[in-house]
There are 2 protein chains.
Amino acid sequence: MKYLSPQYEDVKPLLTAVDCIIFGVQGTELKLLVFKREIDPFAGCLSLLGRFVKVDEGINEAAGRILFELTGLENIYMEQLHCFGRVDRDPGGRVVAIGYWSLIRVDQNHMEFNVRSHETMWISIDRISELVLDHSEMAELAISNLREKARFKPIGFELLPEEFTLGQLLTVYQAIFDHPIDDRNFRKRMLKSELLIPLPKKDKSTSKKGSFLYKFNQETYHRLSKEGYNFGF
Amino acid sequence: MKYLSPQYEDVKPLLTAVDCIIFGVQGTELKLLVFKREIDPFAGCLSLLGRFVKVDEGINEAAGRILFELTGLENIYMEQLHCFGRVDRDPGGRVVAIGYWSLIRVDQNHMEFNVRSHETMWISIDRISELVLDHSEMAELAISNLREKARFKPIGFELLPEEFTLGQLLTVYQAIFDHPIDDRNFRKRMLKSELLIPLPKKDKSTSKKGSFLYKFNQETYHRLSKEGYNFGF
DNA sequence: CCAAAAGTGTTCCGTGTACACCCATGG
DNA sequence: CCATGGGTGTACACGGAACACTTTTGG
């Protein structure tokens with residue numbers, strides 16, 4: 001490396017990994033996708049999904065690849081969280097881990113991969129402290145990032161299927177923040193935001209009256225993702 | 001590495017660097033500390049200050065050390081920004097760079113190091129596009145992070161000396177946001193926030209009347225850093 | 001006495017918040 | 001006809017935004 005000057009003789013390359021903090025909403029609860037480690041150390045413990053970055057791929061590509069390898073899902077909302085690099089964070093060696101968090105829609109898609117790699121499982125976020133290494137710290141940080149982000153960017157939609165009802169959307173936000181949100185104010189804000197495109201159909205699966213389906217407006221979504229929008233939570 | 005399974009034969013450790021995005025306010029302007037590269041490639045171009053992470057130090061420690069080596073300053077506000085890892089980001093080799101941004105008080109302290117390492121210089125933030133590699137991207141991201149943060153956390157104080165006037169504080173915020181802020185509303189907000197401890201002295205250097213000096217309340221500062229506080233910018 | 005910066009209060013408007021009732025329908 | 005979830009409107013309080021004049025004092 002031509003950049004290395006003599007004073008940096010103790011500079012050596014470091015193993016670099018990506019760890020994925022994957023959120024989904026099941027029922028009314030925010031869940032985290034983890035797996036049971038099969039290899040020592042910590043075999044049997046809960047761990048985030050992670051792999052090493054290859055030398056010929058960018059870290060974002062690595063994150064996408066890793067998510068795909070582990071879940072079979074592509075084109076997923078994914079965001080870099082933070083880089084974790086304490087010397088002793090991993091007793092197996094000096095590994096710098098880049099955390100990425102993502103939101104996935106828990107619908108039929110997810111069922112497939114959940115069967116496929118049967119060691120993965122969804123856990124409730126109050127079990128975060130059971131994670132190995134500094135994974136609890138990562139997950140905690142990811143949650144506060146998610147909440148922070150959700151207040152100003154319309155990311156709640158990433159957790160829903162293409163077509164959804166306002167009730168489902170409300171449920172998602174309540175799961176993210178883990179506290180109740182006023183139904184009427186929520187509807188007002190959402191409808192005013194122009195993020196929703198009303199569809200001429202109803203979902204009758206949960207009530208006799210049926211509730212209108214919406215899809216979300218990609219255009220407004222991208223505009224508001226940039227500009228920011230105060231949802232007032 | 002016992003973690004490496006056969007499928008990861010192309011996993012090799014990567015060089016890991018820290019790049020520092022250092023902000024300071026000079027006069028009424030937000031400035032960035034950079035240096036003129038002496039080594040090829042890009043000798044003569046503007047570059048952020050960066051060094052490699054050693055194998056026996058954590059990345060946060062590395063960031064602190066690097067800032068110290070390059071500026072002589074310690075105990076500086078410093079925050080991890082983002083990890084940059086495109087394969088081709090550095091033509092000199094595969095280097096993953098972790099960006100850290102910091103705020104320094106531009107007073108007598110800084111004069112020292114500015115003399116010491118005479119290749120470093122403060123540039124106006126509208127010269128960011130002149131930076132080499134992906135350093136412009138880093139600096140742009142750091143600015144938006146800084147602004148975002150400044151809206152909710154009382155970080156403006158990090159850019160001021162121990163004792164300062166409300167006028168100076170206002171100047172700092174105007175420099176950060178690059179637009180004028182209403183004087184009277186600003187004072188109201190700041191005084192109400194309990195972040196300021198009034199001192200029984202005046203600074204007469206800038207006016208005949210003299211303006212009161214304040215120091216900032218560390219306790220409230222830490223509380224509000226955690227809780228967040230809407231400064232309304 | 002005047003120039004130059006420091007300091008102070010009020011009004012208005014918009015928006016978030018709290019809150020309670022009617023609607024539609026399948027069984 | 002009634003139980004169940006879906007959908008709607010209003011009144012109030014608070015906080016942010018806009019805005020102009022008085023104070024001090026060194027020269």
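Letters go in sequence order (proteins before strands), and every chain restarts at 1. What you see below is based on every heavy atom in this structure, not just the backbone, and it leaves out hydrogens, waters and symmetry mates. What you see is a predicted model, and the numbers here were worked out from it, not measured in a lab.
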Checking side-chain polar atoms at under 3.5 Å, does Thr28(A) have a donor or acceptor matched by the opposite partner on Gln174(A)? no

Please give me the minimum heavy-atom distance between [X] and [Y], naming the atom from each residue.
{"X": "Ser225(A)", "Y": "Lys153(A)", "value": "O-NZ, 2.8 Å"}
{"X": "Ala139(A)", "Y": "Phe23(A)", "value": "O-CZ, 4.5 Å"}
{"X": "Ile176(A)", "Y": "Arg147(A)", "value": "O-NE, 2.7 Å"}
{"X": "Ser47(A)", "Y": "Val132(A)", "value": "CB-CG2, 3.8 Å"}

Less than 4.5 Å apart, side chain to side chain, heavy atoms only: is that true for Ile128(A) and Leu32(A)? yes

Under 4.0 Å, heavy atoms only, any strand: does Thr206(A) hit a base, just the sugar-phosphate, or nothing? sugar-phosphate

For a quick check of understanding: with a heavy-atom distance under 4.0 Å over all strands, which category does Gly210(B) fall into, base, sugar-phosphate or nothing? sugar-phosphate

Between [N] atom [atom2] and [X] atom [atom1], what is the distance in whole Å?
{"X": "Phe212(B)", "N": "dG7(C)", "atom1": "CZ", "atom2": "P", "answer": "7 Å"}
{"X": "His179(B)", "N": "dA18(D)", "atom1": "NE2", "atom2": "P", "answer": "11 Å"}
{"X": "Leu213(A)", "N": "dG6(D)", "atom1": "CG", "atom2": "P", "answer": "12 Å"}
{"X": "Leu166(B)", "N": "dG7(C)", "atom1": "CG", "atom2": "P", "answer": "7 Å"}

Checking Thr206(A) now: which residues fulfil side-chain contact (heavy atoms from CB on, under 4.5 Å) with it, not counting sequence neighbours? Asp203(A)

Side chain Gln168(A), main chain Thr165(A), donor-acceptor under 3.5 Å: yes

Counting distance alone, no hydrogens or angles: does the base of dT23(D) have a donor or acceptor under 3.5 Å from a partner atom on the side chain of Lys209(B)? yes

So, does Lys204(B) get its side chain near the phosphate of dG26(D), meaning an N or O under 4.0 Å from OP1 or OP2? yes

End-to-end bend of the helix from dC1(C)-dG27(D) to dG27(C)-dC1(D) (five-pair axes, 10° rounding)? 10°

Test salt bridge (charged side-chain N to carboxylate O under 4.0 Å, His left out) on Glu158(A) and Lys149(A); report intermediate values, then the result. CA-CA 12 Å; Glu158(A) 302 288 351; Lys149(A) 202 103 191 176; over 6 Å; no

Which residues in residues 181-202 of chain A have at least one heavy atom lying under 4.0 Å from any atom of DNA chain C? Asp182(A), Arg184(A), Asn185(A), Lys188(A), Arg189(A)

